[in-house]
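Inspection log for the structure reproduced underneath, given as structure tokens.
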2 protein chains.
Amino acid sequence: MPRHPVSYVAVDVAAFTIADDELVVLVVERGVGPFRGALALPGGFVLPDETLEEAARRELREETGVDEPVLEQLRSYGAPARDPRARTVSVAHLAVLSEPVSPVAGTDAASAAWRAVADVRRAGLAFDHEEILDDAVERLASKLEYTAVATAFLAEEFTLAELRSVYEVVWGRPLDAGNFQRKVRASLDWVEPTGELRAAGRGRPASLFRPVKSGTAALDSPLVRSSW
Amino acid sequence: MPRHPVSYVAVDVAAFTIADDELVVLVVERGVGPFRGALALPGGFVLPDETLEEAARRELREETGVDEPVLEQLRSYGAPARDPRARTVSVAHLAVLSEPVSPVAGTDAASAAWRAVADVRRAGLAFDHEEILDDAVERLASKLEYTAVATAFLAEEFTLAELRSVYEVVWGRPLDAGNFQRKVRASLDWVEPTGELRAAGRGRPASLFRPVKSGTAALDSPLVRSSW
DNA sequence: TAAATAGTGTCTCTAAGACACTATCAT
DNA sequence: ATGATAGTGTCTTAGAGACACTATTTA
């Protein structure tokens, strides 16, 4: 295609999990310029034979070794000067992992680590990655309402207290345990009891549940963040 | 940036309006190969100094002359072989116009025209534009629920029957006129009465309204597509 | 007058949230 | 027993939807 401008196409990944009741995001410290030494979201260029999603999965695998994370496209960022080296369009992705797997330092990164979202916002991010992070967090909070994505933060079996905690951490406010219990048990899709219990030291043991709908499948009856 | 693959980056626009109580989309007939003669969404390559959104607005302006449409990014499409000529990533956009402005044939297009979405689906579209169209329609239906986008289909002043018709056309089902009336009037953001009436032949004249929130601003209280 | 369209009243049903209560565990 | 956590009951309130009704116009 003659006379048409070309561009670099990258993928960046905002990968989240929960550690110590805090929402944490995977960041790398840039080992090369531009923004050398600054924090950034993991990412890289799309290879000739990859789809965008495959590229994002590969980048995340390179940093974490995780093979099948819940991952979906967020949106693309294409301000002309967002990368000072050359015109680069980034297709950002949102990923959710069930635990903060110890990250592996990748090619471009001096180091990779899980950091609390609030800390990362304070520290700042390279390129326009802070905007990407903000968009990703908002999308995540919103997807908790009407998809089954919350279970992606948890192990294969979990208690309703653990599930509720995901909502509380991401939404940043407490939910009524009783109402949450009733609401979740009433929805026939989403999760089902395994029939087993798990004792957690003191207190009545909790029923264990497993996901019915996985990943980002839509819920029949959403769990809405109320206006307040 | 040596040794990194480059790509063409295009924008495609799914531009909608309503004509004769039908949802119509702007399509062009391709004047050059590949898919010569087939229908496609209007689009083109992003220029070096444009943002993605600016490129989409430019493409739409070239086809319609419209300057300030409601327009937002939909998502990106990047299957390796989606364009047989060369690796091309398309950043699709969703636009809403208040009337089917007579289209101008652009550079790449033998002709441009507004066609009913159902017809276009039957006729088929070039590239992966049918997938883009489906995603755009679904996004549009969904945005009617929680944003003020419905007013973008209408003139500066409109009746509630006209506003309701937008919902009925996009959602493909009738809404109760009385409940719609009450719901819309109750929401303080969104629309406000101008104080004037418009007689439409027979029947009681309707109050005119104007938008308060424009474009894709979020509504305080969503107008939900019920499960049924 | 009748027909048509705009707009209101009102009833029912569902679901969310507050919060008291019961159940089952460890110590 | 006490404290802690899981889970249920129940009341209130808000909102959606169905649908009957009133209001205001043209023919």
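Quick note on labels: first sequence line is chain A, next is B, and so on, each numbered from 1.
Between D:dA16 and B:K183, a contact under 4.0 Å exists linking OP1 or OP2 to a side-chain N or O.
Rounded to whole Å, atom C1' of C:dG17 lies 15 Å from atom CZ of A:R164. Atoms CG (A:L163) and C1' (D:dA6) sit 14 Å apart, rounded to a whole Å. Across the protein-nucleic acid pair, B:R225 atom CZ and D:dG17 atom C1' stand 18 Å apart, rounded to whole Å. Atom CZ of B:R198 is separated from atom P of C:dA4 by 21 Å (rounded to the nearest Å). Rounded to whole Å, the distance from CD on A:E162 to P on D:dT5 is 13 Å. Nucleotide D:dG17 holds its P atom 8 Å from the CG atom of B:L175, rounded to whole Å.
Here A:T216 pairs with A:V70, A:E72, A:K143, A:V149 under the side-chain contact (heavy atoms from CB on, under 4.5 Å) rule; sequence neighbours left out. Evaluation of the side chain to side chain donor-acceptor pair (under 3.5 Å) rule for A:R202 yields no partner, not counting sequence neighbours. Scored by the side chain to side chain donor-acceptor pair (under 3.5 Å) test, A:S76 finds B:S76 as partners (sequence neighbours excluded). Partners of A:V24 under the side-chain contact (heavy atoms from CB on, under 4.5 Å) rule, at least two apart in sequence or in another chain, are A:T17, A:A19, A:W114.
Under the salt bridge (Lys or Arg N to Asp or Glu O under 4.0 Å) criterion, no residue pair touches residues 89-101 of chain A, with sequence neighbours excluded.
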Atom pairs, protein N/O to nucleotides 7-10 of chain D N/O, distance under 3.5 Å:
residue: D:dG7; atom: OP1; partner: A:S207; partner atom: N; Å: 2.9
residue: D:dG7; atom: OP1; partner: A:S207; partner atom: OG; Å: 2.7
residue: D:dG7; atom: OP2; partner: A:Q181; partner atom: OE1; Å: 3.2
residue: D:dG7; atom: O5'; partner: A:Q181; partner atom: OE1; Å: 3.3
residue: D:dG9; atom: N7; partner: A:R182; partner atom: NH1; Å: 3.0
residue: D:dG9; atom: O6; partner: A:R182; partner atom: NH2; Å: 3.0
residue: D:dT10; atom: O4; partner: A:R182; partner atom: NH2; Å: 3.3

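Comment: A:E53 does not engage B:R75 in a salt bridge, judged by the lack of any side-chain N to carboxylate O separation of less than 4.0 angstrom.
Between B:G201 and B:V224, the residue anchored closer to the 5' end of DNA chain D is B:V224, taking for each the nucleotide with the nearest heavy atom.
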